Amino acid sequence: MRYDTILYTVTDGVAAITLNRPKKLNAFNDLMIAEVIDAFSRAAADTAVGAILLTGNGRAFSAGQDLAAVQEAGDNFPIGEHLRNGYNRLIKQMVTIEKPIIAAINGIAAGAGCGIALAADMRIAADNAAFMLVFSRIGLIPDSGVNFLLPRLIGYGRAYEMAITAKHLPAATALEWGMVNRVVPHEQLMETAVAFAAKTADGATIAFGLTKRAMYKSWTQSLNESLETEADLQEIAGRTPYSLNAVQSFINNKVSSQ
Ligand code: LHQ
């Protein structure tokens, strides 16, 4: 698939997906949703890719749904169907791809753009980035996974307040609340995120993917079930060449240092 609304590159084991409608603050139209889904599938299937980096071009990460497209459709815009065929597919895909997804939040992440940022496994934010649950400004409830993902990161009270006030949450507060992993000066964002993604892609990639599966699964499991999942998945992780070699080299180093 040729891309018109995003950029896609693979370098040093990292697939970088860049939302690329900067004049519209990377608002999602139907084409951009389809292209991002295609790019994630491509990155998931590519054995040379060990980590995925998602960012936005220009001054925003994403302003969410392109409202011009919604307005053009008038009263007949099929919101439920649009969510099921678009954002819901994307969010489900992001949380089930067994490769780490790192979002480099370069500016405002609003509405569905915030949901997509939350569906990444880690977020590194620029110091001038911010999050906004703008949905209620247009009389909507949060969507794109926000109701599931956000209370788990920052707790119900803070998430609910963000939803009903639609206030701009600056990166520094997002860090304090656990919504982002770190905040860096804007000019260092891409360098930091690319270096972190490349280091991740060079690590125990199968274990990183299985960790994601185990953690997401645990949210609908009892402790006993989660322990069972850990035992099953550790069988797989423990037999990977990465694990076997790492254990062997630990033992060899111990022997040689005695
Ligand atoms: C935009 C947008 C945008 C189009 C900026 N669309 N053009 C799911 C299913 C179905 C229906 C609805 O929604 C959903 C999920 C959702 O995502 S709902 C939430 C949709 N998003 C919004 O309500 C955010 C709308 N945008 C804003 O409130 C502001 O643009 C923010 C606060 C993000 C940034 O404000 P400013 O920094 O002042 O920028 P700006 O407003 O001047 O925007 C710059 C340009 O981008 C401008 O275009 P123009 O041609 O005049 O330069 C905006 O019209 C365009 N733009 N967001 N979502």
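Because the structure is predicted, anything quoted here is derived from the model rather than measured. Scope of the values below: all heavy atoms of this structure, side chains included, with no hydrogens, waters or symmetry mates. In each ligand, atom 1 is the first atom listed, and ligand 1 is the first ligand listed.
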Where at least one partner belongs to residues 89-104, residue pairs that pass side-chain hydrogen bond (donor to acceptor under 3.5 Å, both in side chains), sequence neighbours excluded: Ser41-Gln93, Glu98-Arg213
List of N/O pairs, ligand 1 versus protein, all under 3.5 Å?
residue  : atom   : partner : partner atom : Å
ligand 1 : 6 (N)  : Leu67   : N            : 2.9
ligand 1 : 17 (O) : Gln65   : N            : 2.9
ligand 1 : 17 (O) : Ala112  : N            : 2.9
ligand 1 : 21 (N) : Ala63   : O            : 2.9
ligand 1 : 37 (O) : Arg59   : NH1          : 2.8
ligand 1 : 37 (O) : Arg59   : NH2          : 3.3
ligand 1 : 39 (O) : Arg59   : NH2          : 3.0
ligand 1 : 46 (O) : Lys23   : O            : 3.4
ligand 1 : 50 (O) : Lys24   : NZ           : 3.0
ligand 1 : 58 (N) : Ala63   : O            : 3.3
ligand 1 : 58 (N) : Gln65   : O            : 2.8

Which residues share a ring-ring contact (aromatic ring centres under 6.0 Å, His included) with Tyr156, sequence neighbours left out: Tyr160
Backbone of Asn57 reached by a side-chain donor or acceptor of Asn26 within 3.5 Å: yes
Contacts of Arg59 that satisfy side-chain hydrogen bond (donor to acceptor under 3.5 Å, both in side chains) - sequence neighbours left out: none
Side-chain heavy-atom pair Leu19, Ile6 within 4.5 angstrom cut-off: yes
NZ/Lys212: more than 12 non-hydrogen atoms of other groups inside 6.0 Å: yes
